[in-house]
> 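I'd like to ask you about the structure that follows.
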Amino acid sequence: MTINRVASYGAQYLDAETLEHLKQTLTDLYGLKGSVFEQYVKFWSRLLHGDFGPSLAMFPTPVMEVISTSIPWTLGLLVMSVFIAWLIGNFIGGIAGYFSEKRWAKVLSVIAATIYPIPYYFMALILIIVFGYLIPVFPIIGGFSIGMQPSFSFSFIVDLIKHAFLPSLSLIIVGTGWWFLSMKALSSTTKSEDYVQYAEAAGIPQSKILFGYVMKNSMLPQFTNLALSLGGVFNGALVTEYFFAYPGIGQTLYMAVTNGDFNLMMGISVFSIFAIASAALVIDLLYPLIDPRVRYR
Amino acid sequence: MEEKGTVLRTENLKAYYSFRAFGIDRNIKALDDVTFKIYEKEIFGIAGESGCGKSTLIKVLYGLIKSPLRHIGGDVVYKINGEEKSIFSFDKEALRRLRWNFMSYIPQGSMNILNPTIRIRKQFLDIIKAHRDVVNVDEAEDIAVEHIKSLGLPLEVLKSYPHQLSGGMRQRVTIALATVLKPRVIFGDEPTTALDVVVQRGVIQLLKDIQKELNNTVIMVTHDMAVHAELTDRIGIMYAGKMVEVAPTSEIFKAPLHPYTQYLINSLPKIGDKSEKTSVPGSPPSLSNPPSGCRFHPRCPYAEQICKEKEPSFEELKPGHFVACFIAKRGVENA
Amino acid sequence: MIERKRENPVKAFFVILRDMIKYNKGFAFGFFFIMLALCLTFLSFFSPYNPKSWNVVPKDLPPSLKHLLGTNSVGQDVFWLLTFAIGNSFLLGSVTAIIASTVGTIVGLVAGYKGGIADRILMSLNDTFIVLPSLPILIFLAFSLRENLNVVTMGMILSVFSWPWGGRQIRAMVLSLREREFTYTADSSGMNTFKIVFKEHFPFIIPWVMANFINTILWSIGMEVTLAVFGLSSLETPTIGTMIYWSTQYQALFRGIWWWVLTPVVLAVLLFVSLFFVSSGITEFLDPRTRLQRIKARG
Amino acid sequence: MPENKLVEVKDLSKVFIIGGRFFGSKLVAVNKANLSMDAGKPEIFTLAGESGSGKTTLARMILGIIEPTSGHIYYKGKDITKLKNKKQKSWFKREVQPIFQNPFEAFNPLKRVETYLFETAMNFGIAKNKSEAAQVVDEALRAVGLSLSEVYQRYPHELSGGQVQRTCIARALITKPSLLIADEPVSMVDASLRMSILNFFHKLKTDYGVSIIYITHDLATAYYVSDRIAIMYRGYIVELGPIEKVLTNPLHPYTQLLLESIPKPDPDRRWNKRIKLADIEVKEYMALGCKFANRCQYAMDKCYKEEPFDVEVDERKVKCFLYSDEKASVGSKI
């Protein structure tokens, strides 16, 4: 079935003979013989083993190999920016929620509300315009400078960070806006909870109330929200990578689409579903460790 | 009452809630011209229906004035170490220091009074460290353990999270927290409401024990007259933002002077008494636009012309018995 | 008998709108910008050029009085192109939002009122769709339907991933509304389930449906841009996404034709911000608690 | 089923599954409850108990809002869990009407209160058109001391708690029900207005022939208004009988403790005995045998092992082993 679709797509670009040849090769390669049911079972068992067959665009490199070379880039970008955005957004948002009547908190909210609805990659475009044209400080293309040899040298690492700066910045800015807004809402609710009012009546110093009571308790739901947001950030990272020609999965996916590499697309889809779902699951499973209300029933 | 020292007195205290929503201003006159005294070493009860201003009064006395509540006028004067001081003369930090050392607060029992994510032990430590210059954690912990023991509560509660305790135990922990630094004045805002009767009895018992032990002042707000009968020495009755009657508990129950108090007492159901009780006719007035003159006059069966026109002053008609009512005043003078 | 004074619903709507503009600056900004954008869309009917034909004007002209926002490298007037792009993007967003809101609302209502197994199945499905990375799958879908892509089919594809947010929210609301005492009062007043849902509960649910509708438009327009970047959109139809696609294909930024890139980007950003302000304005202002405050304030 | 019973509850139980998606624990909210009310002899029947005793669950089962796990409820001889068609259900709703605890929650805060009164009048076919409905509604409101012009076009928050609660009662009266189920109807109403509502219940019983199930934790108001009472503890009805008997001479140790603990509005009769509260709450729901055994000063070995059964003593039913053998010498035990 996959092959037929590949073949039908290939029909646009290839002549009939080559196409037939390709079809033959692929059928052999996949061992697509036997009944439909047998094929079906085999298809799923391959899928579960992480075997998506060869990439069409980089034939005959297996799809998994293509994916695994680009994963470290995406993973690095994603983990770094998600964490930084989560930390900064929650920190500032928590404080702003506690002082929600203050003028600066209101100004910050307006800024965050303006940034948050902008998709990640739009921020990428804006950054490209600003840093690529107006103040060309950071490189806007690639994962490291052409001609550099990957090593653990200082200059290479600096180069790596320089290249990762703008892609992750676009993710961080928008992400921070979102975490700021949600955390601010949470902490301004927590602020009016009975136990915070009580702590204030008990004369516990304000800084203690802010960090030990309001922030701490508001952070808890943000862990669950982190799990729910992973899919969206992942989407954003894919497109951001494209704009910055960053050698991660997004770039690979783009290549897969332009080359009609169905196997690779399938591989990336299945792989990312699996990765994001397990990450979300892990966060969910870790939750009882941080919330005593769940831990000690 | 010369032999007793005054710990707290208010003078023409006024506090309003001001709302501004969608271009419309509203003022709710929750406290209007409230003047009374609370003596040392007594349990003073404040009674009244919902919306009569009793909770607001406690907030103002405790210095917890937050928007939309505003202090409009009058004064609250405490006697701290023999010196008279207005609560409004303290700055934020001084007020913070005053709390728990001099006066503390027991809120209404609810699920959420104690921080759900920290253990009771930590809650104690936070409060002790906020008010005492303790050198280390052990020292603070000793204070907490000592106190829990002296109240007869099990030490295991210190290790627990709030949700692991029953409602009654949580409320007793709240009382323990309020008394850990042995304050001179304790405010209780409906501390026994929402508890089951058996637990409520235990809590009342604990409050009595503590007052006897510390020999301090307890100010107890509740709408439940039976709790007042069980616990308090004197009672202040509030109606529509005004203090209408203050007297010793037994006098309030046996010989109330204000018509509103009379209704309140006579309408209390008792087991073993099936005689018909009547409610106060009408409904409580709106505090944003209270009636003229005496605020009770629209519901009062004895109301006369003067009640509609002039506000009755709050006067000591009998020794220790203060009432704001023209009719009661005339009755006492004629007797 | 006293006459029942019926409030004119149209008048009530304008009163609410006026209040929202008056007391919520973000909403006012968003509302007026969206109105402006809709006016631009309307202008497209008077466009002197066909948006699908190339080389109708000289190439790469910077903004001038004749060509307000300049011209691009395939010989189109950017301003007139934009009027079409806004309209198409709005249409696309609305298609997605209509499908997604309908499905989401139905799923939420069914899960909330039916409960039991139906609830569990629907909500597991719902949560799966929320957690899954939508982009690779959408790319997959768009890739398979590549030949048949137009604004409406795009909208339909995008709605696959946009319904679960509304569904989740509405279910949560229904669950709490169902247990409110007034629901029991309505039931013992002899009101049937249909009446209870639509007369008693809908006033609470509607603001969320509306806000969710607008958020879905926002999401959908953004997602179309994403797919367009991958070349997976109806490329000859002018939308905000395809305008960006062509400008990057022609390296407009590097060749200094900034007006070609900047126009759709700035417009999109303003649009996103406006839509967001409007939707959060609605939830904030029509939130039953706030609404109650308003009723109280009016006395 | 005998037709001469208004309500008959037989071995009624409700089990809730709480917590956990997969391994929820069971909570027996109501455990084999039995009670009945005679038809043609209106009475006010109190269901009393502390929070979590199951009184509200029991009442809601009788009201048909919650489905029982096991057991039967017969209303005028008909099993209400087996009402089939719309007509029967509508008949039952007309016959049995609820009054809720929080008057402000009982009406949709976004809607004007009279909507519900008109709905009730129209939906049950009591009035054919608006003006007829207005008449019916006004009549019902006048019965509770209000009038249509007082509540017309008002939102719940524009009325006082007492007014809204009386409007709730007026709404319930429109269908001319035979049974009212009132769940804590006065606990949120101000003390100065409380008695007027209780007095009205009394009037409903005597003048209109309506029976009332009054659910409360407040034994003093129960004593004031009702004829019979059932005391509930952890899902069980532990004592059921005439109010005068149960509240002035309680037999079940739990009823005794409960009565002892009520603060009396009389400063001369303060408690002199001290009580000891349980240090750590034992999971009484889980306990075998009598759920009160842990706190009972008369507890015997048997109390921890076997579930007590109803014993008929002195005009009432008591679920306690103390009375199982020697019914005569009740007084000496206490």
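Below, each value reflects all heavy atoms present in this structure, side chains not excepted, and no hydrogens, waters or symmetry copies. Note on naming: letters A, B, ... go to the chains in the order of the sequence lines (proteins, then strands), and numbering restarts at 1 for each one.
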> Specify the closest pair of heavy atoms between A:Gly203 and B:Ala130, including all atoms of both residues, with the distance to one decimal.
O-CB, 3.8 Å
> Quick check on B:Ser104 against chain A: is it the side chain, the backbone, both or neither that has a heavy atom closer than 4.5 Å?
neither
> What is the minimum heavy-atom distance between A:Lys216 and B:Ile118, and which atoms define it?
NZ-CG2, 3.4 Å
> Checking heavy atoms, do the side chain of B:Ser160, its backbone, both or neither come under 4.5 Å from chain A?
neither
> Does any backbone or side-chain atom of B:Ile113 lie under 4.5 Å from a heavy atom of chain A? Answer side chain, backbone, both or neither.
both
> Measuring only between side-chain heavy atoms, which start at C-beta, is A:Tyr195 closer than 4.5 Å to B:Asn112?
yes
> With a 4.5 angstrom heavy-atom cut-off, which part of A:Gln197 approaches chain B: side chain, backbone, both or neither?
side chain
> Select one option (side chain, backbone, both, neither) describing which atoms of B:Lys66 are under 4.5 Å from chain A's heavy atoms.
side chain
> Counting only non-hydrogen atoms closer than 4.5 Å, does B:Tyr62 touch chain A with its backbone (N, CA, C, O), its side chain (CB onward), both, or neither?
side chain
> Measure A:Ile290 against the heavy atoms of chain B and call it side chain, backbone, both or neither at under 4.5 Å.
neither
> Contact part of A:Tyr198 toward chain B, heavy-atom cut-off under 4.5 Å: side chain, backbone, both or neither?
side chain
> Determine the option with the most heavy-atom pairs under 4.5 angstrom with chain B, choosing from A:Ile204, A:Asn217, A:Val196.
A:Asn217
> Quick one: closest heavy-atom pair of B:Asp126 and A:Lys208, and the distance?
OD1-CE, 3.1 Å
